Amino acid sequence: SMVNIRFTGSFGHFFLVSIGLVLLSIVTLGLALPYLSYWTTRYFFTELEVGGHPVVFTGSFGEYVLISLGLVLLSILTLGLASLYFAYWNVKYFASNLQVAKT
């Protein structure tokens with residue numbers, strides 16, 4: 001049997017938080033960019049409901065940033081070749097750290 005998946009997010013909420021994080025990134029000279037990336041990806045996963053139950057993200061920003069920094073450095077050293085793995089890893093990290101809450 002099939003289970004319904006529903007996106008519960010709204011463009012208004014996404015827009016307001018994204019604008020705030022972009023402005024914060026400008027003020028911090030780019031230091032907030034990793035959080036903008038993290039928040040954006042996390043938002044789309046955690047605004048899902050599976051069979052009426054919310055999806056919960058169990059990963060952490062600290063772990064995400066450390067691995068991302070390593071992959072960015074590796075991408076620089078490989079003249080961009082590792083950026084393909086970085087893109088793959090980014091989605092896999094979020095998808096691998098999801099749980100459906102039992103409410």
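Note that the coordinates shown come from a computational prediction; the quantities given were computed from them, not determined experimentally.
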Using 0.5 Å steps for rounding, measure from the [atom1] atom of [X] to the [atom2] atom of [Y].
X: Ser60; Y: Asn97; atom1: OG; atom2: CG; result: 8.0 Å
X: Leu24; Y: Leu33; atom1: CG; atom2: CG; result: 9.5 Å
X: Leu23; Y: Thr28; atom1: CG; atom2: OG1; result: 10.5 Å
X: Phe14; Y: Ile19; atom1: CZ; atom2: CD1; result: 9.5 Å
X: Trp39; Y: Tyr35; atom1: CH2; atom2: OH; result: 8.5 Å
X: Tyr93; Y: Glu63; atom1: OH; atom2: CD; result: 3.5 Å

| query | With respect to Phe94, which candidate in Phe44, Tyr64, Trp89 satisfies the ring-ring contact (aromatic ring centres under 6.0 Å, His included) definition? | reply |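 Single pass found, and it is Tyr64.
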
So, for [X] and [Y], which heavy atoms are closest and what is the spacing to 0.1 Å?
X: Ser83; Y: Ser75; answer: N-OG, 3.1 Å
X: Leu48; Y: Thr8; answer: N-OG1, 4.4 Å
X: Gly59; Y: Tyr38; answer: O-OH, 4.0 Å
X: His53; Y: Lys102; answer: ND1-CA, 4.1 Å

| task | May I ask you to test the His13-Tyr43 pair for a side-chain heavy-atom distance under 4.5 Å? | result |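 When only atoms from C-beta onward are counted, Tyr43 and His13 do touch, with a gap below 4.5 Å.
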
| task | Please confirm whether the backbone N or O of Ser37 pairs with a side-chain atom of Thr41, one donor and one acceptor, at under 3.5 Å? | result |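 It does hold such a pair.
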
| field | Within 6.0 Å of CZ in Phe15, more than 12 heavy atoms from elsewhere | value |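 No, because the 6.0 Å sphere around CZ of Phe15 holds 12 heavy atoms or fewer from other groups.
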
| task | Can you establish whether the number of heavy atoms outside Tyr88 located under 6.0 Å from its atom OH is more than 12? | result |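 No, the 6.0 Å shell around OH holds no more than 12 heavy atoms from other groups.
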
| For residues 4-26, which residue pairs qualify under salt bridge (Lys or Arg N to Asp or Glu O under 4.0 Å), counting only residues two or more places apart or in two chains? |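 For residues 4-26, and leaving out neighbouring residues, the salt bridge (Lys or Arg N to Asp or Glu O under 4.0 Å) pairs sorted by first residue read Arg6-Glu49.
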
| field | Aromatic ring proximity, centroids under 6.0 angstrom, Phe57 and Phe45 | value |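 Centroid separation for Phe45 and Phe57: 6.0 Å or greater.
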
| query | Do Val3 and Val55 share a hydrophobic cluster, counting only Ile, Leu, Val, Met, Phe, Trp and Tyr and linking them when any side-chain heavy atoms are less than 4.5 Å apart? | reply |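 Yes; Val55 is reachable from Val3 via cluster members.
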
| Taking only residues two or more places apart in sequence or in another chain, which ones pass side-chain contact (heavy atoms from CB on, under 4.5 Å) with Val56? |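 For Val56, the residues satisfying side-chain contact (heavy atoms from CB on, under 4.5 Å) (neighbours in sequence not counted) are Ala101.
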
| field | Partners meeting side-chain contact (heavy atoms from CB on, under 4.5 Å) with Thr78 (sequence neighbours left out) | value |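 Testing Thr78 for side-chain contact (heavy atoms from CB on, under 4.5 Å), a comparison that skips the adjacent residues, returns Leu74, Leu81, Ala82.
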
